[in-house]
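Accompanying notes for the structure given below.
Start at 1 with the first residue, then count along the sequence. First listed ligand is number 1; within each ligand, the first listed atom is number 1.
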Amino acid sequence: MSSSIPTVTLNNGVQMPLLGFGVFQVPGEQTEQVVTDALAAGYRAIDTASAYGNEEAVGRAIAKSGIPREELFITTKMWIQHTGEDTAKREFDKSLGLLGLDYLDLYLIHQPLGDYYSSWHAMQKLHGEGLIKAIGVSNFYPDRLIDLITHNDIVPAVNQIETHPFFQRADYQQLMRAHGVQIESWGPLAEGKNHLFTNPVLAEIGAGYGKSVAQVVLRWLTQRQVVAIPKSVRPERMAENLNVFDFQLTGDEMARIAALDTGTTVLFDHHDPEMVKWLGGRRVD
Ligand code: NDP
């Protein structure tokens, strides 16, 4: 692992970088260059998904980088159209092949929808065979997470959920910690929603350290031991987003940021029947 990025220890002893890089909504044709730039900036954890349609391009950038495999932490996610363990296993093989890897660091169930119990059973086996270092879930609300834990052998190592200043998940983080599940933030910058980048509280805190709003947010998340995977297609922002380990927010500043919580999503509501229907209808080739 790159020495400048702190790591967290997952429930099976695997080390995961506290800060990584996400490639959702990076167009396929741009992804190879974007990931090449991110690796050059110093990121070692890359988060993709079969549903993003850019695993192959991520794989090309990894191969081209020449970075030793053991220094990288590669995550991808299984989409929800697949039912049955055999299909789930084929979906894994496909992702691994597109990425050009012989093992994954982290494999996640993308949504708590569809036949995800079969997916989990397949993933438990693949983990046992050493093909995945850690298995986890994404977008699981507390009831779904506890249900999965209760009825299976392996406790998910990670739950990747929407987490940012407007949807902070502090209580849920505690519950996950009590069960040994690491919280990982998607949308750490809220995709800029609610005017995040000009928020006066975040801007004022940043001004005290000569840091941008994005840096304050990423510092706040990582200081809470929340793994974050910001996305940017711009090299200068990639570098900016990594440069958050040379200052520390005070208790008072953490409390001021805590007060920004709205307790609800600003991006996707997984309890909305229309959203569940839309996600369920999405097909990934
Ligand atoms: P983010 O919260 O990371 O926000 C990305 C946006 O912020 C982009 O528009 C980017 O623009 C901009 N940005 C990035 N850095 C800065 C900066 N320093 N200053 C100003 N603007 C900035 O959104 P994402 O949804 O991409 O979340 C991150 C990752 O989380 C994804 O890429 C994906 O890997 C994962 N994810 C997972 C989901 C799931 O269901 N499991 C759902 C959504 C995301 P620009 O690129 O132009 O710099």
Side-chain angles (χ1 to χ4, degrees), residues 17 19-28 30-31 33-35 37-38 41 43 45-55 57-58 73-80 95 99 105-114 116 136-141 144-145 156 158-169 182-199 202-203 206 211-222 226-244 265-270 275-276 278-280 282 284:
L19 195 53
F21 185 80
V23 296
F24 178 44
Q25 292 171 324
V26 180
Q30 219 186 330
T31 305
Q33 187 57 48
V34 164
V35 174
D37 291 344
Y43 292 90
I46 306 292
D47 180 272
T48 184
S50 61
Y52 301 169
N54 54 20
E55 287 170 311
V58 170
F73 190 100
I74 308 300
T75 302
T76 192
K77 313 184 192 82
M78 185 182 292
W79 192 240
I80 55 181
S95 285
L99 286 163
D105 295 279
L106 180 63
Y107 198 34
L108 305 177
I109 295 177
H110 206 144
Q111 310 283 352
L113 304 172
Y116 60 83
V137 294
S138 179
N139 295 308
F140 276 51
Y141 275 76
R144 293 297 84 207
L145 182 70
V158 170
N159 186 15
Q160 184 186 109
I161 53 174
E162 181 185 344
T163 311
H164 47 68
F166 307 123
F167 194 19
Q168 302 193 3
R169 321 300 283 261
Q182 171 66 44
I183 181 173
E184 179 177 20
S185 153
W186 67 251
L189 304 172
E191 296 184 6
K193 294 279 188 306
N194 288 9
H195 306 291
L196 176 114
F197 294 115
T198 52
N199 181 279
L202 299 170
K211 294 287 184 182
S212 68
V213 163
Q215 288 171 319
V216 170
V217 172
L218 294 167
R219 175 69 215 181
W220 165 76
L221 284 166
T222 51
V226 177
V227 172
I229 44 169
K231 168 260 176 189
S232 177
V233 296
R234 307 188 198 192
E236 69 278 11
R237 288 182 178 171
M238 295 175 190
E240 175 187 330
N241 294 349
L242 258 191
N243 184 14
V244 299
T265 175
V266 299
L267 291 159
F268 293 102
D269 181 359
H270 286 82
M275 177 56 72
V276 170
W278 181 79
L279 289 169
R282 271 203 72 193
V284 174

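- Nearest protein heavy-atom contact of atom 40 (O) of ligand 1 is N139 ND2, 2.8 Å.
- Annotation: side chain of R144 is not in contact with side chain of N139 (no heavy-atom distance under 4.5 Å).
- Using a 4.0 angstrom heavy-atom cutoff, H110 counts as in contact with ligand 1.
- Contact of the I183 side chain with the I161 side chain is registered, since non-hydrogen atoms from C-beta on lie closer than 4.5 Å.
- Separation of atoms CD1 (I46) and CD1 (I229) is listed at 10.0 Å; rounding is to 0.5 Å.
- Between H164 and S185 there is no side-chain heavy-atom pair separated by less than 4.5 Å.
- Taking the side chain as every heavy atom from C-beta outward, N241 and L189 approach each other to under 4.5 Å.
- Of all the heavy atoms of S138, the ones lying under 4.0 Å from any atom of ligand 1 belong exclusively to the side chain.
- Against a heavy-atom cut-off of under 4.0 Å, P188 is close to the following atoms of ligand 1: 2 (O), 3 (O), 27 (O), 28 (C).
- Checked options F24, F268, F167; the residue passing with W186 is F268 (criterion: ring pair (Phe, Tyr, Trp, His ring centres under 6.0 Å)).
- Taking atom 29 (C) of ligand 1 as the reference point, the nearest protein heavy-atom neighbour is I229 O, 3.2 Å.
- At a heavy-atom distance under 4.0 Å, atoms from both the backbone and the side chain of S232 approach ligand 1.
- In this structure, the protein non-hydrogen atom closest to atom 34 (O) of ligand 1 is D47 OD1, 2.7 Å.
- Distance check, rounded to the nearest 0.5 Å: NZ of K193 to OG1 of T265 gives 9.5 Å.
- With distances taken over non-hydrogen atoms, the option nearest atom 16 (C) of ligand 1 out of R237, R234, Q30, E162 is R237.
- Proximity of G187 to ligand 1 is established by a heavy-atom distance of less than 4.0 Å.
- Within the 4.0 Å heavy-atom shell around ligand 1 one finds K77.
- Checked for salt-bridge contact, D47 and K231 miss the test: no charged N lies under 4.0 Å from a carboxylate O.
- When only interatomic distances are considered, the shortest N/O to N/O separation between P230 and ligand 1 does not fall below 3.5 Å.
- What sits closest to atom 15 (N) of ligand 1 on the protein, heavy atoms only, is N241 ND2, 3.0 Å.
- Looking at D37 and Q33, their side chains come closer than 4.5 Å, going by heavy atoms from C-beta outward.
- Of the candidates W186, F24, F268, F21, F24 brings a heavy atom nearest to atom 33 (C) of ligand 1.
- Scanning the protein heavy atoms around atom 7 (O) of ligand 1, the nearest turns out to be F197 CZ, 3.8 Å.
- Not a single heavy atom of S212 sits under 4.0 Å from any atom of ligand 1.
- Here the straight-line distance linking atom CE of M238 with atom CG of N243 works out to 15.0 Å at 0.5 Å rounding.
- For atom 23 (O) of ligand 1, the closest non-hydrogen atom of the protein is E191 CG, 3.1 Å.
- Between V23 and ligand 1, a contact under 3.5 Å exists for at least one N or O pair.
- Within the structure, ligand 1 lacks Q25 among the residues with a heavy atom less than 4.0 angstrom away.
- The protein heavy-atom contact nearest to atom 2 (O) of ligand 1 is L189 N, 2.8 Å.
- Looking only at protein heavy atoms, the nearest one to atom 26 (O) of ligand 1 is K231 CB, 3.3 Å.
- Atoms of ligand 1 lying under 4.0 Å from at least one heavy atom of Q160, given by number and element, are 35 (C), 36 (N), 37 (C), 38 (C), 39 (C), 41 (N).
- Proximity of E191 to Q25: side-chain heavy atoms (C-beta onward) are separated by under 4.5 Å at one or more points.
- Residues R169 and V226 form no side-chain contact, since every pair of their non-hydrogen atoms from C-beta on lies 4.5 Å or further apart.
- The atoms of ligand 1 that sit less than 4.0 Å from any heavy atom of A214 are 17 (C), 18 (N).
- Side-chain atoms of T48 and E55, non-hydrogen and from C-beta on, do get closer than 4.5 Å to each other.
- In this structure a side-chain-to-backbone donor-acceptor pair under 3.5 Å is missing from T31 to V58.
- In the vicinity of A190, heavy-atom distances shorter than 4.0 Å reach the ligand 1 atoms 2 (O).
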